[in-house]
Amino acid sequence: MTETDNFFRADLHCHSNRSDGTLSPSEIVRLACERGLQGLSITDHDTIEAYPEALAEARNKGLRLLSGVELSAVHRNTSVHILAYAFSTHSAIIKEFCRNHFRRRKNRLLLILEKLASAGIPLTEEEVEPKGSEEFRSVGRPHIALAMIERGYVASVKEAFLRYLGEGKPCYVPGEAYSVEETLDVIGAAKAFAVIAHPHLIKDKDVLKDLLAMKFDGIEGYYARFSPHEHARWVKIGRKKGWFITGGSDFHGTIKPETALGSSWAGEEIFSFLMERFEENQANSHA
Ligand code: AMP
Ligand code: ZN
Ligand code: FE
Ligand code: FE
């Protein structure tokens, strides 16, 4: 099938410039329409700040937009990403959790900058987070990598992660950790759904085994540009658990140019199921 065929696709994983994507929330909504997507969720890292703007633009364009966020957790000293969907965008619980993550990220930035300075790569907070920028931003390692490129320390984001910022590299700092269990509690309290993000990327067998025994509702079986063969494993595992299967591209804009919006997606049945809960939560609950 080609992009112009009118079959249902909802991309349930992408990042705006409220975290480490390069497009604004409205630009992503417009791009989703151009790509012929019928549904979308913007899943920034640890923030839902994209939603006021994204919801307004989605209403204008007639795109069905589902609330979503990609929450950072740590399990067995390994970073684990958890997608949450269908919470109210006014949810006090989700907002408070994101505020805690915002503080964690600010503190972690300072710790990473200290490590970089000791490695002979001095950078100021201002170079990573320019003051006076209008938009809220959930600051992450990709922003540090961009500042390193700007100063000529490395040639690419990839090099920055490979040599300094990636897990286990000399300037990696996890920061204060939130466990998977407490993250699942927050998601449950907000009457939202919890999904294991990109299981394809989980290398540690024990971590995977533990996650599969926890109270998730779904698994991201279709991810980015992985092949149908690689998807099959996760779809099978998800079905066996009785979980729903989601899909998304993990689009980040030009910071990760190889991944296009809509390169993986969820189908209509699951999307409508999630949207129904979202609409209920949006109407009833500020919990
Ligand atoms: P953070 O949320 O600050 O821990 O940064 C994690 C984000 O950095 C991921 O979601 C990716 O967008 C990006 N990232 C992680 N590993 C790499 C890598 N090896 N190369 C480029 N980007 C990466
Ligand atoms: Zn990211
Ligand atoms: Fe992720
Ligand atoms: Fe992501």
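We count residues from 1, following the sequence as given. Start at 1 and go down the list; that is how both ligands and their atoms are numbered.
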Go through the steps to decide whether F271 and F8 satisfy the test ring-ring contact (aromatic ring centres under 6.0 Å, His included), and finish with yes or no. CA-CA 10 Å; F271 184 72; F8 188 97; 5.7 Å; yes
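Under 2.8 Å from the Fe ion (ligand 3) lies no N/O/S atom of D250, from backbone or side chain alike. Using a cut-off of 2.8 Å, one finds that H45 contributes no N/O/S atom close to the Fe ion (ligand 3). With a cut-off of 2.8 Å, the Zn ion (ligand 2) has no N, O or S atom of H15 in range. Note on H13: counted as a metal contact of the Fe ion (ligand 4), an N/O/S atom lying under 2.8 Å. Checking D20 against the Zn ion (ligand 2), an N/O/S atom falls under the 2.8 Å cut-off. Among the atoms of H81, no N, O or S atom falls under 2.8 Å of the Fe ion (ligand 4).
A donor-acceptor contact shorter than 3.5 Å is absent between the side chain of D217 and the backbone of F193. For the pair T254 (side chain) and P257 (backbone), a donor-acceptor distance under 3.5 Å is absent.
Using cut-offs of 30° and 60° on the angle between ring planes, the pair H15 and H252 is parallel.
Looking only at side-chain heavy atoms (C-beta outward), I219 and T246 stay at 4.5 Å or farther from each other.
The side-chain tip of R277 does not point at the ring of F273 from less than 6.0 angstrom away and within 45° of straight on.
Atom OE1 is the N/O/S atom of E70 found closest to the Fe ion (ligand 4).
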